[in-house]
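Ligands are counted one by one from 1 in listed order, and the atoms in each one are counted from 1 as well.
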Amino acid sequence: MTVHTVPVIDLTPGPAATADLVGQACADVGYFQITGHGIPRPLLAELFAVTRRFFALPPEVKQQVAQPAADQVRGWSGAGSEGITYSLDEESPADLKEKFDIGTVDPRPGPPTGPHHAPNLWPAGLPRFRETWEAAHREFSRVDTAVQRCAGLALGLGPDALTAHFTQPVSMLRALYYPDQPEPPLPGQLRAGVHSDYGAFTLAVAEDRPGALQVLDRGGEWTDVPVIPGAVLVMLGDLLTEWTDDRWPATLHRVVNPRRDQAMDADRLAFAFYSHPDPEASLHVLPGLPGGDQPPPPGTPTAGEHLRDKYVRQTSFGPHR
Ligand SMILES: O=C(O)CCC(=O)C(=O)O
Ligand SMILES: [Fe+2]
């Protein structure tokens, strides 16, 4: 049996002292948990509480904040609306999840320009929902910056190598709600299909419930991610694959179904903060890494183009739907 240990990294000593550990985890494991991040526990508790209240509303109420368009990832969508494995161009049945998203809470001045700056949608009649979500977005964003500083140092590029691409970031905070499963899933149908996230880092927190997150470790084995109270899980997204020329490949992950004998008491709420840079940032290798100082090959997409392409794919189903 393989024994998997998820690295747990305490950020308290600051980026210079933790960069090596972060770099090792990014290069050798692909995911890690962080403590000492400073996100207040009561804020996270309130985030879970207000969001559970939202998902408990009737669908016609949640529909009032329905996601407006495939490339405008804001608000709610119900079970069956995303098949995230489609982001990898692979067919699969729809995911057994609902979701709610917000984008940046500190939009850049001037009129919104394009889907990455679409305004957030807020459900009516839920006290403290908006304040709590906005506060959580700011906290995750702060922690994301700290992780990025460690990453820049670990790559030997200095603390601002990544943060330089996040002057007006379009990071998203997403809640994922996985309901009980009265009916058995279709063959191949998961709570969330296999995918890698689309941004730089993903920061994730979840309830400890059946039918949870698994990551594909570097040995090619699916591994359960333990929920460590107070810790935040960090995974690597597509931008890091490109920016490091595969030195730090994105983490493939999925959310499996609960066992049938647990399926009626298995609902699960999780949050993912996806760090998304300035939309105009290039997917080219970072300057200072091998290949990064040459001009980008023609056709190298921007982060905004990459994200938009993935958003559209994850809701574009083929014949399996
Ligand atoms: O439910 C989770 O723990 C993570 C879900 C996920 O990977 C995602 O939606 O990007
Ligand atoms: Fe994900």
Side-chain angles (χ1 to χ4, degrees), residues 6 30-34 44 47-48 51-52 54-55 67 70 73-88 90 92-103 136-137 140 144 147 170-181 185 189-217 222-229 231-241 249-258 266-276 306-307 309-315:
V6 186
Y31 58 98
F32 51 100
Q33 309 241 21
I34 51 174
L44 289 179
L47 183 65
F48 278 92
T51 306
R52 268 206 170 261
F54 169 74
F55 284 111
Q67 179 170 328
V73 188
R74 300 288 184 268
W76 177 76
S77 50
S81 47
E82 266 185 22
I84 201 161
T85 297
Y86 275 82
S87 66
L88 300 176
E90 282 171 34
S92 71
D95 294 340
L96 293 166
K97 71 181 186 210
E98 300 182 31
K99 65 84 185 170
F100 180 86
D101 291 287
I102 66 167
H137 193 292
F140 280 116
D144 175 46
V147 174
V170 293
S171 301
M172 287 172 32
L173 180 59
R174 160 170 286 203
L176 297 128
Y177 178 68
Y178 306 94
D180 288 341
Q181 298 185 342
Q189 189 169 38
L190 295 177
R191 284 186 145 179
V194 178
H195 67 284
S196 54
D197 294 338
Y198 316 147
F201 289 101
T202 297
L203 308 179
V205 288
E207 295 171 343
D208 194 2
R209 301 282 290 152
L213 179 66
Q214 294 184 331
V215 295
L216 190 66
D217 68 24
W222 285 107
T223 307
D224 292 322
V225 177
V227 172
I228 302 176
V232 172
L233 173 72
V234 183
M235 292 186 286
L236 279 57
D238 297 338
L239 295 183
L240 290 172
T241 310
T251 317
L252 283 169
H253 55 282
R254 66 185 184 184
V255 181
V256 295
N257 299 311
D267 72 335
R268 174 177 180 271
L269 180 59
F271 291 87
F273 178 87
Y274 307 113
S275 75
H276 291 172
H306 165 75
L307 293 169
D309 177 61
K310 293 285 189 175
Y311 295 158
V312 171
R313 279 177 208 225
Q314 71 187 356
T315 51

Open item on the list: Tell me if a side-chain donor or acceptor on R209 pairs with a main-chain N or O of D267 at a distance below 3.5 Å.
Closed with: yes
- [ ] Could you tell me whether the side chain of R74 reaches within less than 4.5 Å of the side chain of Q67, counting heavy atoms only?
- [x] no
Task: Interatomic distance, S87 atom OG to Q314 atom CD [nearest 0.5 angstrom] - done: 6.5 Å
- [ ] Quick one: closest heavy-atom pair of A266 and R191, and the distance?
- [x] O-NH2, 2.7 Å
Open item on the list: For the backbone of G30 and the side chain of T251, can you confirm whether one donor and one acceptor N or O come within less than 3.5 Å of each other?
Closed with: yes
Open item on the list: Testing the basics here: between Y31 and M235, what is the closest heavy-atom pair and its distance to 0.1 Å?
Closed with: CB-CG, 4.2 Å
- [ ] Please name the residue in the list F140, F48, F100, Y177 that meets the ring pair (Phe, Tyr, Trp, His ring centres under 6.0 Å) test with F271.
- [x] F48
TODO: Return the set of residues passing salt bridge (charged side-chain N to carboxylate O under 4.0 Å, His left out) with K97 (not counting sequence neighbours), or none when no residue passes.
DONE: E82, D95
Open item on the list: What does the 4.0 Å heavy-atom contact list look like for ligand 1?
Closed with: L176, Y178, H195, D197, L213, H253, V255, R268, A270, Y274
TODO: Could you pull out all residues at least two apart from E90 that satisfy salt bridge (charged side-chain N to carboxylate O under 4.0 Å, His left out)?
DONE: none
Task: the Fe ion (ligand 2) neighbourhood, protein N/O/S only, threshold under 2.8 Å - done: H195 NE2, D197 OD1, H253 NE2
